[in-house]
Amino acid sequence: MATREDCGYAYAEMRRPEAPAAAHESGLMSAGEPSVTVDAEELQRLLDALPALVSYIDSDERYGVVNRAYERWFGEDSGSVVGRQVREVIGDAAYAAVKPHITAVLAGRPQDFESPLTYRNGRRRHVRIEYIPHLGASGDVRGFFALVADVSEQKRAEDARRFLADASAALDPVQGRDAGFQRVAALAVASVADLCAVHTLEPDGSAHARVVAHADPAKAELAARLTRRSCPPPAPGTPPSPLHEVLHGGHGRLLPDLAGHALAGADHLAALRELGCRSAVIVPIRGDGCVLAALTLASAEADRTSDAADLAFAEELSRRIEVALQRVRLYDMAREAESEARRRFLAEHEARRAAERAAQRMAGLQRITAALADALTSEAVARVVVDIGVAAAGAHAGAIVVTAGDELECLMEVGHERNAVERFRQMPLDAALPLADALRTGTPVWLRSREECSARYPHIASAVLSGATVSLCCLPLVVQERPIGVLRLSFAEPRPFDREEQEFLVAVSRQCAQAMERARLHEERAAFVERERRVALENARLYREAHEADRRKDEFIAMLSHELRNPLAPLTTGLELLQMSAQMSAGERADRDDRQILATLERQVKTIVRLVDDLLDVSRITQGKIELKRERLDVASVVEAAIESVRPLLVQRGHDLVLSVDPGVFVHGDRVRLEQVIVNLLNNAIKYTNPGGRVSLACAAIAGDARIRVTDTGVGISAELLPHVFDPFMQARRTLDRSQGGLGIGLTLVKRLTELHGGRVEALSGGPGEGTAISVWIPLAGAPSAPAEAPAPPALPPALEAAPPRATTRALHVLLVDDNVDAAEGLRSVLQLHGHAVSMAHDGPAALEAARASKPDLVLLDIGLPGMDGYEVVRRLRAEPELTRSYIAALSGYGQDQDRRRSREAGFDAYLTKPVATEQLLSLLDEAAPRG
């Protein structure tokens, strides 16, 4: 087993900056290598100070060195761990999870992974583990170093945030309240709690469990039994249980110890303990001014107790459920209103159809009568009856069958299959069939549906109502009280054959006067089908558009999330490094240079600001709130400034830039906005061209316009996407790494800013892999009336190093009001660094009290304060006679024109948008100094 001294040498060698990703045995180093001597006791003290587990494990998987964190994690002296095997110390379950990684590191491969582990003492932790192999001089693995950090709280916070988003999406008003509760409960036990329950108050005062879900499938049956069990109201003279307190309008309750609670015997608490829960929170779900239900989230973890954060989380979930319930109520109201409107529409429609049918029947009878006047033969009559009468009756098939001696003859038919016509000819007169019955009895036969046909003709129903026929009628043709034939009409839908319809069809069988009606009904049916077809096509188009809009929205949200996380990752890392630097000793800090970290933080903050600015620019242009500051510009100077802005990205991607810019091309435009147009075109070309490609920029005066053309040898644009490249949030499909970045609004800004200048844009591409060319045309400026001044050189980017403190005319007393404590502390540090006295308040009433007491020269006032907002605070400050000379500036995360206008109307002297730059703050101090 390796000694502590051996481990110390190896650990020191591993930490050398030039050391590889594996530690070497210092005792076997060559004489030419520098030796590193680390005192073993000193190393042990350093390791013991770390909160994470740090240990050295030899090739037999036995601990050689451990730090004191093992005592806190496993409850035994760290010295007793040394010499024992890993499996014995951490337990079988945890060892099974890490064994593959131990095998890998003992094979010389470093390991870095995260995993939830259940340790020997039963405690479950989510840990981040790093294994670093310890190599001897000959390259053999002597053991490895283990660094284990508990990240359970971070994972729990991530699960909570993800759960709130999933829960909001699960609360669908279409599915109803109980279905939403079920889905939220299922999500809760899958991520943030071991048990989730929703109770409502019954009329008898008992609490009924509408939903109970448990994370342990083995306890699902027990949870289902509890769902059917009610908690009775407290007996007179006894205190109510926490559940009943919440249901009767109380605030949320935090129950950190269910077993030790004063009312541990209450039914609700007893049920929670029966399900293995140790702590819980209960919060009300409100609506319409009362408590609708109570939400319970409980934990079964032995080493985790519900706290105020859990209560706040449950209350936030409750608020989201309340909003969803309001949506359910609104949805139900809308659905009831829609149902009533539909009922009225159908009633009115049916009344109109009834009136129309009556008029049609009358007109049809007249036409059939006129047509029959020219029918001189039975065949002609049959033709009139079938050709006109079938359509008039609304039947899908019809036939005239007459007697010919002892047989039946089909004079005319329409709509029947050939075998049906053959059956008419072969049908015996005494057959038990609807047609034969009508012929024998001389009375109509009405079969309103398949069911009625089956009841009257059970053995032949399938033959009678075949194909599309659903109902039929057989009308006898009676001459001098003697049936000579039958008019058979078949219908494709159930028919009630009410009194009016029966009278009409009998009249048709007698007079056959519906020829023209058939044509008219067919035209109406064709028109109806065409309308339905057009509606179906329009619905399909609207569905495709809605589906495409929804897809683009989802892609934009994913892009925005990705683009914001990119700068947030180095910001987080940089802050952690600065925090580590702050914890170092003075000597260690003297050897560090944090300027690179600060430069990284500055770049990433600028990236976030640029993303927000691009989004705001699209919104402002859409609402017509962009005002151009026009001047006579030489396009070449604008191109030069744009190239300087994109040069770092150009160098990074290794592209060749080919320029062809004609001198003396002048336009009348806004320098900043035109530079923004060219920068966006170049950024797109650079990002969508593989490294080592070529980007070309040409500018020339053509037919009264300045044409700026950016061409690349990049990925190209497909034919179906090309007409939409200037639409907001439109991008080509990307790979999962999203290496090009962006939100899909760069070309949208190009198009709209160009149109504001009276110009136009065009995109051309030969297809995927063929590159892209985007051209911008802007009208040329006329000749100047006087010599134009040389344009100011483009502003240089701010230096990466922080500017030294700059003193104003005198030291001011500043009152800083912001409910964001971290933001307020940051501004206070900046102000104090520049020699100003600063007092702080975090809400409206405290701000008023502090202002009256200190009479500040300058008040920096956040608008979005809780309770009393910044507008109300500034109005009250302006009403104080002693504060009339105070300079008051607004702080806000909003920067729209209406926000600035409202701040001026409220009484603010200035308006600053967050984050506030130091130079902007110092300029404000210069303005405020003369006022005090």
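The figures here come from the full heavy-atom set of this structure, side chains too, leaving out hydrogens, waters and symmetry mates.
- Between L924 and L912, some side-chain heavy-atom pair lies under the 4.5 Å cut-off.
- Put simply, the side chain of L201 does not reach to within 4.5 Å of the side chain of V291, judged on heavy atoms.
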Requested in this report: Dump the intermediate steps for side-chain contact (heavy atoms from CB on, under 4.5 Å) on R852 and E882, then the final yes or no.
Outcome: CA-CA 8 Å; R852 295 186 186 110; E882 297 179 347; over 6 Å; no
Query raised in the report: Are D843 and D819 close enough, and set up right, to give a side-chain contact (heavy atoms from CB on, under 4.5 Å), and what steps lead you there?
Result: CA-CA 6 Å; D843 56 44; D819 61 327; over 6 Å; no
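- With L891 as the fixed residue, the side-chain contact (heavy atoms from CB on, under 4.5 Å) test singles out one of T913, L827, V817: L827.
- We find that E905 and R902 are not joined by a salt bridge, their nearest charged nitrogen and carboxylate oxygen being 4.0 Å or further apart.
- A donor-acceptor contact shorter than 3.5 Å is absent between the side chain of S637 and the backbone of L633.
- Although no hydrogens or angles enter the test, the distance criterion places a donor-acceptor pair under 3.5 Å between the side chain of S886 and the main chain of P856.
- Closest non-hydrogen pair, V283 versus E315, comes out as CG1-CG, 3.6 Å.
- Looking at N680, its side chain never comes within 3.5 Å of a backbone N or O of V677 through a donor-acceptor pair.
- Taking every heavy atom of both residues into account, G844 and V873 meet most closely at CA-CG2, 3.6 Å.
- Contact of the L753 side chain with the Q676 side chain is registered, since non-hydrogen atoms from C-beta on lie closer than 4.5 Å.
- The main-chain N or O of E872 is found under 3.5 Å from a side-chain atom of D869 such that the two form a donor-acceptor pair.
- Counting heavy-atom neighbours within 6.0 Å of E849 CD, excluding the residue itself, gives a total of 12 or less.
- Side-chain contact between R253 and V281 is absent, with no heavy-atom pair separated by less than 4.5 Å.
- In this structure, CG on L297 lies 10.0 Å from CD1 on I282, to the nearest 0.5 angstrom.
- Residues L860 and V814 have side chains in contact (heavy-atom distance under 4.5 Å, counting atoms from C-beta outward).
- Between V679 and S645, the shortest heavy-atom contact is CG2-CB, 4.0 Å.
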Requested in this report: For side-chain contact (heavy atoms from CB on, under 4.5 Å), just list the numbers for R885 and K855, CA-CA rounded to whole Å, side-chain angles, deciding distance to a tenth of an Å, and then say yes or no.
Outcome: CA-CA 9 Å; R885 297 183 60 81; K855 301 176 182 58; over 6 Å; no
Query - Steps toward salt bridge (charged side-chain N to carboxylate O under 4.0 Å, His left out) verdict (E880, R876) - result: CA-CA 7 Å; E880 296 284 341; R876 297 196 183 186; over 6 Å; no
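- The backbone N or O of A837 lies less than 3.5 Å from no partner atom in the side chain of H813, so there is not a single donor-acceptor pair.
- The structure places NE2 of H248 at 9.0 Å from CG of L243, a figure rounded to the nearest 0.5 Å.
- Closest non-hydrogen pair, L295 versus V198, comes out as CD1-CG2, 4.0 Å.
- Of all the heavy atoms in H842 and A824, the pair that sits closest is CE1-CB, 4.3 Å.
- Separation of atoms CG (L756) and CG (L749) is listed at 10.5 Å; rounding is to 0.5 Å.
- The distance from the CG atom of L925 to the CG atom of D857 is 10.0 Å, given to the nearest 0.5 Å.
- Between G870 and F908, the closest heavy-atom pair is O-CZ, 3.8 Å.
- For the pair R904 and Y911, the cation-pi criterion (under 6.0 Å, within 45° of the ring axis) is not fulfilled.
- Between D909 and R878 there is a salt bridge, since at least one side-chain N of the basic residue sits less than 4.0 Å from a carboxylate O of the acidic one.
- I888 CD1 to S903 OG: the interatomic distance, rounded to the nearest 0.5 Å, is 11.5 Å.
- Atom-to-atom distance recorded for D862:CG and L816:CG is 9.0 Å, nearest 0.5 angstrom.
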Report task. Show your reasoning for whether salt bridge (charged side-chain N to carboxylate O under 4.0 Å, His left out) applies to R752 and E755. Result -> CA-CA 5 Å; R752 296 187 178 176; E755 290 172 346; 6.0 Å; no
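- At least one side-chain heavy atom of L292 sits less than 4.5 Å from a side-chain heavy atom of C290.
- Looking at L812 and Y887, their side chains never come closer than 4.5 Å, going by heavy atoms from C-beta outward.
- Considering only heavy atoms from C-beta on, R673 comes within 4.5 Å of H757 through its side chain.
- The backbone N or O of H668 sits nowhere less than 3.5 Å from a side-chain atom of R632 that would complete a donor-acceptor pair.
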